[in-house]
Amino acid sequence: MTDNYDECIELMTRRGISLEDCAECTYFLQAKYIKGLTMADCVRAVDEVMHDRDIQNAVIIALELDVLAEKGTIESKYIKEAMMKDDGLFGVDELIGLGMAFNYGPVALTSFGYIDKIKPGRIGELNSKKDSVCNTFADDVIGAIASCAASRLAHA
């Protein structure tokens, strides 16, 4: 299996997500715990997480699902509607985010739950767009990447 880092970055960029967006959320999660933490530290940690193949696979499938919902190519009317309005009872988006965080341990898992509730920065911006744009998975992708990077930093 090949490294899909470049494909992930391209797909994230097309969906309006940057490594810096993820790093800002990582900083939000860890600044009060790590003295002297910089944005450069957070960007580095996010970049390291993005080289993880398990993370790459989750990012690609999650963001592709948002694209498919937007294009109307998901056959299930229920799933398409649930995704387009980011139905709170849908939960599959959080499961993918938790799956990503699970690879990085308890700090990532608890951070993901927290950041999913608070929705700081780009997460909140994406979560608030509900018209013809589907960001059901995009906001959880940022939260999961940030949480994994936060865990890397916490254990450094």
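Remember, it's a predicted structure, so these values are computed and weren't measured experimentally.
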*Asks:* Could you tell me whether a side-chain N or O of D52 sits under 3.5 Å from a main-chain N or O of V49, the two making a donor and an acceptor?
*Replies:*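 No: the side chain of D52 does not pair with the backbone of V49.
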
*Asks:* Would you mind listing every side-chain hydrogen bond (donor to acceptor under 3.5 Å, both in side chains) that reaches into residues 88-101, with sequence neighbours excluded?
*Replies:*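 side-chain hydrogen bond (donor to acceptor under 3.5 Å, both in side chains) check on residues 88-101 returns no pairs.
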
*Asks:* Looking only at heavy atoms, what is the nearest atom pair of M84 and T136, with distance?
*Replies:*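 Smallest heavy-atom distance, with atoms named: N-OG1, 4.5 Å.
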
*Asks:* So how far is it from F102 CZ to D54 CG, rounded to the nearest 0.5 Å?
*Replies:*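 One gets 11.5 Å once the value is rounded to the nearest 0.5 Å.
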
*Asks:* Any non-hydrogen side-chain atom of C22 less than 4.5 Å from a side-chain atom of M50?
*Replies:*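 A side-chain contact under 4.5 Å is absent here.
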
*Asks:* Do side-chain atoms of S151 reach the backbone of V107 as a donor and acceptor pair under 3.5 angstrom?
*Replies:*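 Side chain of S151 to backbone of V107: no pair is present.
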
*Asks:* Pair up each side-chain donor or acceptor in residues 140-149 with any protein partner under 3.5 Å, not counting sequence neighbours, and list the distances.
*Replies:*
unit_1: S147; atom_1: OG; unit_2: F112; atom_2: N; d: 3.1
unit_1: S147; atom_1: OG; unit_2: G143; atom_2: O; d: 2.7

*Asks:* Heavy atoms only: give me the nearest M83-A69 pair and the separation to one decimal.
*Replies:*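 In this case the closest contact between M83 and A69 is CE-CB, 3.6 Å.
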
*Asks:* Sub-3.5 Å donor-acceptor pair from the side chain of R122 to the main-chain atoms of E24, do we have one?
*Replies:*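 No, R122 side chain to E24 backbone: no donor-acceptor pair under 3.5 Å.
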
*Asks:* Can you check whether I79 reaches V92 side chain to side chain, under 4.5 Å on heavy atoms?
*Replies:*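 They are not in contact (no side-chain heavy atoms under 4.5 Å apart), so the answer is no.
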
*Asks:* Would you please name every residue forming a side-chain contact (heavy atoms from CB on, under 4.5 Å) with A138, sequence neighbours left out?
*Replies:*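 A138: side-chain contact (heavy atoms from CB on, under 4.5 Å) contacts with I17, L63, D66, L126, N135.
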
*Asks:* State the CG-OG1 distance between L153 and T26, to the nearest 0.5 angstrom.
*Replies:*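 Between L153 CG and T26 OG1, I get 7.0 Å after rounding to 0.5 Å.
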
*Asks:* Of all the heavy-atom pairs spanning V59 and L11, show the shortest one and how long it is.
*Replies:*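 So the two residues come closest at O-CD2, 4.4 Å.
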
*Asks:* If you look at every heavy atom in C134 and R15, which pair is closest and at what distance?
*Replies:*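 Closest approach of C134 to R15: O-NH2, 2.6 Å.
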
*Asks:* Could you list the residues that satisfy side-chain contact (heavy atoms from CB on, under 4.5 Å) with E7, not counting sequence neighbours?
*Replies:*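 Only N4, I60 meet the side-chain contact (heavy atoms from CB on, under 4.5 Å) criterion with E7.
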
*Asks:* Verify the cluster assignment for I61 and I9: are they in a single hydrophobic cluster under the rule of side-chain heavy atoms below 4.5 Å apart?
*Replies:*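 In one cluster with I61: I9, yes.
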
*Asks:* How long is the straight-line distance from CD of E64 back to OG1 of T73, given to the nearest 0.5 Å?
*Replies:*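 Going from the OG1 atom of T73 to the CD atom of E64 covers 9.5 Å.
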
*Asks:* Can you tell me how far apart OH (Y27) and CD (Q30) are? Round to the nearest 0.5 Å.
*Replies:*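 Those atoms lie 11.0 Å apart.
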
*Asks:* Taking ring pair (Phe, Tyr, Trp, His ring centres under 6.0 Å) as the test, write out the residues that go with F90, two or more places apart.
*Replies:*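 None.
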
*Asks:* For the atom pair NE2 (H51) and SG (C8), what is the distance rounded to the nearest 0.5 Å?
*Replies:*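 So the gap between those two atoms works out to 10.0 Å.
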
*Asks:* Side-chain heavy atoms nearer than 4.5 Å, only ILVMFWY residues, links allowed to pass through others: does that put Y78 and F137 together?
*Replies:*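 Y78 clusters together with F137.
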
*Asks:* Linking I/L/V/M/F/W/Y whenever their side-chain heavy atoms sit closer than 4.5 Å, directly or via other members, would F28 and L109 fall into one cluster?
*Replies:*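 No, separate clusters.
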
*Asks:* What residues, two or more places apart in sequence or in another chain, satisfy side-chain contact (heavy atoms from CB on, under 4.5 Å) together with T38?
*Replies:*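 T38 satisfies side-chain contact (heavy atoms from CB on, under 4.5 Å) with A40, D41 only.
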
*Asks:* Would L37 and V43 show up in the same hydrophobic cluster when neighbours are defined by side-chain heavy atoms closer than 4.5 Å?
*Replies:*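 No, separate clusters.
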
*Asks:* Strictly distance-based, threshold 3.5 Å: is any side-chain N or O of K119 a donor or acceptor partner for the main-chain N or O of D116?
*Replies:*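 Flag set: sc K119 to bb D116 pair under 3.5 Å.
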
*Asks:* Grab the two heavy atoms, one from I96 and one from A62, that are nearest each other, plus how far apart they are.
*Replies:*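 Smallest heavy-atom distance, with atoms named: CG2-CB, 4.3 Å.
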
*Asks:* Say you draw a straight line from CD1 of I118 to SG of C25; how long is it, rounded to the nearest 0.5 Å?
*Replies:*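 The CD1 atom of I118 sits 11.5 Å away from the SG atom of C25.
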
*Asks:* For the hydrophobic clusters of this structure (ILVMFWY residues joined by side-chain heavy atoms under 4.5 Å, transitively), does one cluster hold both I34 and L29?
*Replies:*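 Cluster IDs for I34 and L29 differ.
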
*Asks:* Provide the closest heavy-atom pair for K80 versus G72 in the form atom of the first, atom of the second, distance.
*Replies:*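 Looking at all heavy atoms of both residues, the closest pair is CE-CA, 3.7 Å.
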
